[in-house]
Protein chains: 2
Amino acid sequence: MTVYKAAVVDAAKASRAVRKEPAEGALETSPLQLGELSELLGYSLKRAQLKVFEDFLHCVAPLQLTPAQFSVLLLLEKNPGRNQTEIANTLGILRPNFVAMLDGLESRDLCARARSANDRRSHVLMLTDKGKAVLARAKKLVASKHEARLNELLGPANRAALLSMLTKIAREF
Amino acid sequence: MTVYKAAVVDAAKASRAVRKEPAEGALETSPLQLGELSELLGYSLKRAQLKVFEDFLHCVAPLQLTPAQFSVLLLLEKNPGRNQTEIANTLGILRPNFVAMLDGLESRDLCARARSANDRRSHVLMLTDKGKAVLARAKKLVASKHEARLNELLGPANRAALLSMLTKIAREF
DNA sequence: AATAATTGTTATTCACCATATCAAATACCG
DNA sequence: CGGTATTTGATATGGTGAATAACAATTATT
C-alpha cells in the first residue's frame with residue numbers, strides 16, 4: 001500500500017488523451033448512462049483523487065515534486081532525525097520502495113542520510129538547507145494555487161467537512 | 001488516467017505488511033507528527049481511496065471482481081450494445097489497456113464481444129447471462145457489506161454529502 | 001557466545017498507465 | 001468513383017508503482 005505517489009507527467013496531455021474530444025464535427029454518440037456507478041463511493045473517490053493529484057502536479061510543476069515526494073519532505077521537516085523505516089511506514093511506503101525514492105531526493109540535495117550514532121544500522125534522515133527552501137516554496141504553491149482552488153470549488157466549510165470524512169475513512173474504515 | 005482499477009490481492013495481508021505491527025514487546029518508538037500532511041486534501045483522499053478499495057476487494061472477494069471490473073459490468077448492464085471505445089472512454093481506461101481487461105471478462109464468460117452489423121470495425125459489447133447473474137450477486141455484496149459499512153461509519157447524510165463533493169471534484173476540478 | 005531480529009538494500013515480479021503503431025473497415029472529399 | 005484520412009480493435013513496448021524474498025551488517029536476546 002504505497003500512498004500518495006504520482007508520476008511527474010504533463011497532466012493536461014494525459015487528460016486530453018483520455019477525454020478524446022470528439023475532434024470537431026465528429027459523429028456525436030449519445031453519452032453513456034453511468035447508472036449505479038454514480039452511487040459508488042469508491043468510483044467517485046478514485047476519480048476525484050486523480051483530479052486532485054493532477055492539479056497538484058500542475059501547481060507544483062516548477063519545483064518538480066510529486067505528491068509523494070512532497071509528503072516525504074513535509075514529514076522530514078516535522079520529524080528530523082528519524083530513520084527510513086519510520087518515515088516509510090508512516091507514509092505507507094514499503095521500505096524497499098522507499099530506497100529509490102530517497103535516492104532521488106538525496107541526489108537532488110533535498111535531504112540527507114547520516115549513519116546513526118546509537119544504531120549504526122539505521123540512517124538518520126534530515127532536510128538539507130536546499131530541501132527546506134524548496135519545501136517552503138512548495139508549500140506556498142500548494143496553498144496559493146492547489147488548496148485555494150479546492151476552497152474555491154467547495155467553500156471552506158465543505159472543504160473542512162470533506163477532509164474530516166476522508167481522514168475518518170482513512171483511520172477507521 | 002485509468003480509473004477504478006485494483007489488483008485482486010489479499011488486502012489484509014498487504015495491510016499487515018505496511019502497518020508492521022511492533023511484533024509484541026518491541027521498542028515502541030514515539031509516533032511521528034503528521035504535521036501539515038493532515039491538512040493536505042490529496043493525502044487524505046489517497047489514503048481513504050486505498051482503504052475503500054481494500055474493503056471493496058474484501059467484500060466482493062467471493063466473486064473475484066476488482067473495482068474496475070465491477071465498473072465495467074455495471075456500465076455494460078446499463079449500456080448494452082456499445083463498443084469498446086465508448087465503454088473504455090467513459091471509465092477513463094485507455095483503449096489499448098481495455099483489450100486485456102475485456103479478454104479477462106470474456107474468458108470468464110461474463111461478457112461477450114460481437115461484431116457490429118453497421119460498423120464491422122467495432123465490437124458490440126454485452127453481458128452474458130452469467131455476467132448478469134454475477135453482477136447481481138456483486139451488487140448485493142457491495143450494498144450489504146461495502147456501502148453499508150461506509151454508511152455505518154459516516155451516517156447516511158454525511159455519506160451523501162461526501163459523494164456529492166467527490167463527484168463535484170471529479171467533474172469540475 | 002550463539003541465535004534471533006532489525007535496518008537498509010538489491011533483485012524480481014506483477015499490475016497499472018501511456019504511447020506508438022498496425023491492419024481492417026469506414027468516412028470524407030475532390 | 002477513387003484516393004486519402006479517420007476510426008476501431010489490437011499488439012508491442014516502456015515507465016512507474018507495489019509487493020515479496022533474500023542478503024550483509026548490525027544490534028538484541030538469552
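Letters A, B, ... are given to chains in the order of the sequence lines, protein chains preceding strands, and every chain is numbered from 1.
Residues A:F70 and B:Y43 keep their aromatic ring centres 6.0 Å or farther apart.
Judged by distance alone, the side chain of B:E86 and the main-chain N or O of B:N83 form a donor-acceptor pair under 3.5 Å. Judged purely by atom type and a 3.5 angstrom limit, B:T128 uses its side chain to pair as donor or acceptor with the backbone of B:D109. In this structure, the side chain of B:S38 does not engage the main chain of B:L34 through any donor-acceptor pair within 3.5 Å. In this structure, the side chain of B:S164 does not engage the main chain of B:A160 through any donor-acceptor pair within 3.5 Å.
Under the salt bridge (Lys or Arg N to Asp or Glu O under 4.0 Å) criterion, B:R137 pairs with no residue, sequence neighbours left out.
Hydrophobic clustering (side-chain heavy atoms under 4.5 Å, transitive across Ile, Leu, Val, Met, Phe, Trp, Tyr) groups A:L63 together with B:L37.
In this structure, the CD atom of A:Q49 is 13 Å from the C1' atom of C:dC16, given to the nearest Å. One interatomic measurement links the two molecules: CG of A:L50 to P of C:dC17, which rounds to 8 Å at whole-angstrom precision. Atom CD of B:E106 and atom C1' of D:dA10 are 13 Å apart (whole Å). What separates CG of A:D103 from P of C:dG8 is a distance of 13 Å, to the nearest Å. Rounded to whole angstrom, the span from the CD1 atom of B:I93 across to the P atom of C:dC17 amounts to 8 Å.
Side-chain contact between B:I87 and B:L102 is absent, with no heavy-atom pair separated by less than 4.5 Å.
The listed nucleotides are D:dT20, C:dG8, D:dT8; the one nearest the side chain of A:N83 is C:dG8. Distance from the side chain of A:P96 is smallest for C:dT10 among the nucleotides D:dT8, C:dT10, C:dA20. If you check D:dT20, C:dT9, D:dA10 against the side chain of A:H123, the one that comes closest is C:dT9.
Of the side-chain N and O atoms in B:T85, one or more sit less than 4.0 angstrom from OP1 or OP2 of D:dG9. When the side-chain nitrogen and oxygen atoms of B:R113 are compared with OP1 and OP2 of D:dA10, one or more of them lie within a distance under 4.0 Å.
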I'd like a table of atom pairs between the protein and nucleotides 13-15 of chain D - only N or O on both sides, under 3.5 Å - with the distance next to each one.
none

Short heteroatom pairs, N/O only, protein and nucleotides 25-27 of chain D, under 3.5 Å:
from	atom 1	to	atom 2	distance (Å)
D:dT26	OP1	A:R120	NH2	3.2
D:dT26	O2	A:R121	NH1	3.4
D:dT27	OP1	A:R120	N	2.8

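Checked for salt-bridge contact, A:K51 and B:E172 miss the test: no charged N lies under 4.0 Å from a carboxylate O.
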